[in-house]
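Data first, discussion second: the structure below is written as structure tokens.
Order of the sequence lines sets the chain letters (A, B, ...), proteins ahead of strands, with each chain counted from 1. Note that the coordinates shown come from a computational prediction; the quantities given were computed from them, not determined experimentally.
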There are 2 protein chains.
Amino acid sequence: MHDHSAVHDHGACCGNATDALARAERLCAERDLQFTRLRRDVLEAVASEAKPLGAYDIAERLSGQGRRVAAVSVYRALDFLTENGLVHRIASRNAFVSCGHQHGDGAGLVFLICRTCGSIDETTSPEVDDQLDRALAKAGFKPSSRILEVEGECGACLGHEPNP
Amino acid sequence: MHDHSAVHDHGACCGNATDALARAERLCAERDLQFTRLRRDVLEAVASEAKPLGAYDIAERLSGQGRRVAAVSVYRALDFLTENGLVHRIASRNAFVSCGHQHGDGAGLVFLICRTCGSIDETTSPEVDDQLDRALAKAGFKPSSRILEVEGECGACLGHEPNP
DNA sequence: GATGCGATGTTACAGTGTATCAGTACCAGA
DNA sequence: TCTGGTACTGATACACTGTAACATCGCATC
């Protein structure tokens with residue numbers, strides 16, 4: 001029912017699906033937005049998996065038992081969720097993860113993508129942002145958004161290895 | 001013949017196509033790699049445009065006059081070129097740009113993507129890299145590659161605007 | 001010439017994303 | 001109540017991006 005074959009248990013999995021849903025519910029109430037069934041289901045699918053999911057994966061998971069969710073609908077729900085910072089898009093994978101933090105709009109995030117277990121973590125680093133802003137200013141470039149994704153091995157997978 | 005409609009003339013255009021070709025030729029000779037006609041043509045197409053080009057755009061440009069270059073071939077050439085640091089992939093655009101610098105393997109690059117004119121510049125910032133390494137170490141993450149792409153407005157376009 | 005290898009050509013197909021139109025639910029106002 | 005507007009969803013079609021598999025060609029080497 002729930003794939004846990006990958007070596008991964010940093011606590012940001014499974015349990016946070018309900019957290020994410022609760023947070024979404026609150027946020028939509030605050031902003032007077034509709035948290036519809038489709039949006040809820042898409043968020044739940046994404047949040048219940050630490051790995052990034054493609055839009056078609058999500059559509060497949062939500063379909064069945066007389067219900068058919070087309071990829072288009074999933075994309076629309078994902079647009080809504082990303083616009084409101086509940087889900088992030090991983091550009092290097094063409095896939096989506098649920099936001100694990102409550103950091104406002106999702107600016108300044110760093111995504112850590114593990115090559116071994118496929119999981120994704122987020123962090124932030126004000127120091128990186130500072131230096132980046134400085135570099136951009138020096139280049140005469142006015143930023144409006146950025147993506148920063150790092151591939152490598154997560155701590156859990158490094159720990160499991162015999163010879164790091 | 002050559003589209004210059006976009007506001008963009010920071011000197012990294014057109015002229016550097018020949019530079020890029022010369023650099024590629026040298027590099028392939030050094031490493032004993034084949035710099036074939038297809039690879040040359042693909043690199044030339046990418047280098048003669050400051051904007052990122054999609055693989056199918058490239059295929060279209062190289063086709064005509066009895067020659068037909070399929071997208072697959074372009075992808076293979078692009079794989080070769082990116083592996084050797086002659087071309088970079090822009091993940092947020094699914095497109096490719098020729099490398100404007102001679103910075104070895106292309107690690108530590110920052111891509112500046114202008115929303116207005118569509119051009120792409122590269123910079124590097126050792127400070128950003130330092131801070132990023134620090135943040136990754138703190139997170140217990142061992143990086144093997146990263147992408148850092150910033151969208152915004154380039155200096156040229158900012159200068160052209162009436163009220164910045 | 002035979003063999004092996006890398007590069008290319010060709011076809012087919014999988015995966016990703018968007019455009020467009022139609023239908024539905026709901027709410028505000030006449 | 002009816003009507004019209006808005007937001008969401010369904011559905012189809014299509015464009016774009018990328019890969020798998022196999023055939024062919026050129027070239028170096030035996």
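Nearest-nucleotide assignment on DNA chain D puts the 5′-proximal partner with A/Gln34, out of A/Gln34 and B/Phe96.
In this model, the phosphate group of C/dT8 is not approached by any side-chain N or O of B/Arg37 to a distance below 4.0 Å at OP1 or OP2.
In this structure, the CG atom of B/Leu43 is 16 Å from the P atom of C/dA7, given to the nearest Å. Between the CG atom of A/Asp32 and the P atom of D/dC8 there is a distance of 11 Å, given to the nearest Å. At whole-Å resolution of the value, CZ in B/Phe80 and C1' in C/dC5 are 16 Å apart. Rounded to whole Å, the distance from CG on B/Leu78 to P on C/dA7 is 15 Å. The CD1 atom of A/Ile90 sits 17 Å away from the C1' atom of C/dG17 (whole-angstrom rounding). Nucleotide C/dG15 holds its P atom 15 Å from the CD1 atom of A/Ile58, rounded to whole Å. If you take CG of A/Asp79 and C1' of C/dG17, they are 10 Å apart, rounded to a whole angstrom.
Between the side chains of B/Thr116 and B/Glu153, a donor-acceptor pair is found at a separation under 3.5 Å. Side-chain contact annotation: A/Ser92 with A/Glu149, donor-acceptor N/O pair under 3.5 Å present.
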### Task
Evaluate the criterion salt bridge (Lys or Arg N to Asp or Glu O under 4.0 Å) for residue pair B/Lys138 and A/Glu127; output intermediate values, then yes/no.
CA-CA 13 Å; B/Lys138 201 158 69 178; A/Glu127 293 84 10; 5.5 Å; no

### Query
Should A/Asp57 and A/Arg61 be marked as a salt bridge (Lys or Arg N to Asp or Glu O under 4.0 Å) after you check the CA-CA gap, both sets of side-chain angles, and the distance that decides it?
CA-CA 6 Å; A/Asp57 289 337; A/Arg61 291 185 184 215; over 6 Å; no

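No side-chain heavy atom of A/Thr36 sits under 4.5 Å from any side-chain heavy atom of A/Arg40.
Centroid-to-centroid, the aromatic rings of A/His88 and A/Phe111 come within less than 6.0 Å.
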For nucleotides 10-17 of chain D, give me every protein contact, N/O to N/O, under 3.5 Å, one pair per line with atom names.
residue: D/dG10; atom: OP2; partner: A/Ser73; partner atom: OG; Å: 3.3
residue: D/dG10; atom: N7; partner: A/Arg76; partner atom: NH2; Å: 2.6
residue: D/dG10; atom: O6; partner: A/Arg76; partner atom: NH1; Å: 3.2

